[in-house]
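Here is the naming used below: chain letters follow the sequence lines, and residue numbers restart at 1 for every chain.
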Amino acid sequence: KAGVTQTPRYLIKTRGQQVTLSCSPISGHRSVSWYQQTPGQGLQFLFEYFSETQRNKGNFPGRFSGRQFSNSRSEMNVSTLELGDSALYLCASSFRQGVGDNEQFFGPGTRLTVL
Amino acid sequence: AQKITQTQPGMFVQEKEAVTLDCTYDTSDPSYGLFWYKQPSSGEMIFLIYQGSYDQQNATEGRYSLNFQKARKSANLVISASQLGDSAMYFCAMREGLSDTGNQFYFGTGTSLTVIP
C-alpha cells in the first residue's frame, strides 16, 4: 500500500506570494492533518480534515487555509507569505478518528523557503 | 501548560546499549493515546509505538517498549540494543478525547538521539 505523498517536496517563494501544498493520504484513510515544523517552534498543528470537513484548527492566522476533496486528498494554502512561514510542512493521514491505535502516518513533508 | 514535555534535548548511547527517552504529559481527559515517532534526517515521521490510557500492560514493538506510568503521567520510550540507524529525533505525542473531538495530536519538542559506534 502506498504511503502518504506530498507535493512538491521543495518550494522556494518570495514574501507576499501564495503557495498551495498537496497531500494524498494512504488509500482508505479519511482523516488528514497538517503540521508546521520549525526549529524554534517544533511541530505545531495546523488543521485536520475528516470527510471533507475541517474538524480541528490550530492557532494559526487566517492566511493558512486548507480543504479536503471527496477522494480524501487535501491541500493547504498559505497566502501573503512571510519569512517566518519557512518551515517543513507535514501531512499525516489516519483511517479514522478515535483514541484507539489510530496512529497518524506522515508524508515526507514539503520544505518551504520564503525569501 | 505544555501538553507534552520532553526534557532531554539530546542523548548519546553506545551501540548495543539500551536508552530511555523521557516523556511526561498533561491531560485531564481519562481517554487519551500516547505515541512515539522517529524522525531521521530525511524528515519523514515514522510511527514507533502506541499506548492507550486504558491499556493495562506496557506496549512493546520489537526493540521499542513504552514505560507507561499513568499516575506519574509519564510515557518513556525504551530502545533496547541500540543500532546506528536509531540516530534520529524522537517525538512523544498525545491525542486526547473521544472520536468527536477530532484528531489533533500534541507533540513534544523532541529528543535528538545519537548512537555512538
Proximity breakdown for B:Tyr54 and chain A, heavy-atom pairs closer than 4.5 Å
neither
Heavy-atom distances under 4.5 Å only: say whether A:Gln37 touches chain B with side chain, backbone, both or neither.
side chain
A:Arg9: which residues meet the side-chain hydrogen bond (donor to acceptor under 3.5 Å, both in side chains) condition with it, sequence neighbours left out?
none
Are A:Leu43 and A:Leu90 side-chain neighbours, meaning at least one heavy-atom pair lies under 4.5 Å?
yes
Check the orientation of A:Tyr35 and B:Phe107. Use parallel for under 30°, tilted for 30 to 60°, and perpendicular for over 60°.
perpendicular
Could you tell me which portion of B:Phe91 (side chain, backbone, both or neither) has an atom closer than 4.5 angstrom to a non-hydrogen atom of chain A?
side chain
Output, in order, the C-alpha distance, side-chain angles, deciding distance and verdict of side-chain contact (heavy atoms from CB on, under 4.5 Å) for B:Val115 and B:Gln83.
CA-CA 7 Å; B:Val115 180; B:Gln83 302 171 356; 5.9 Å; no
Which atoms of B:Gln51 approach chain A - backbone, side chain, both or neither, heavy atom under 4.5 Å
neither
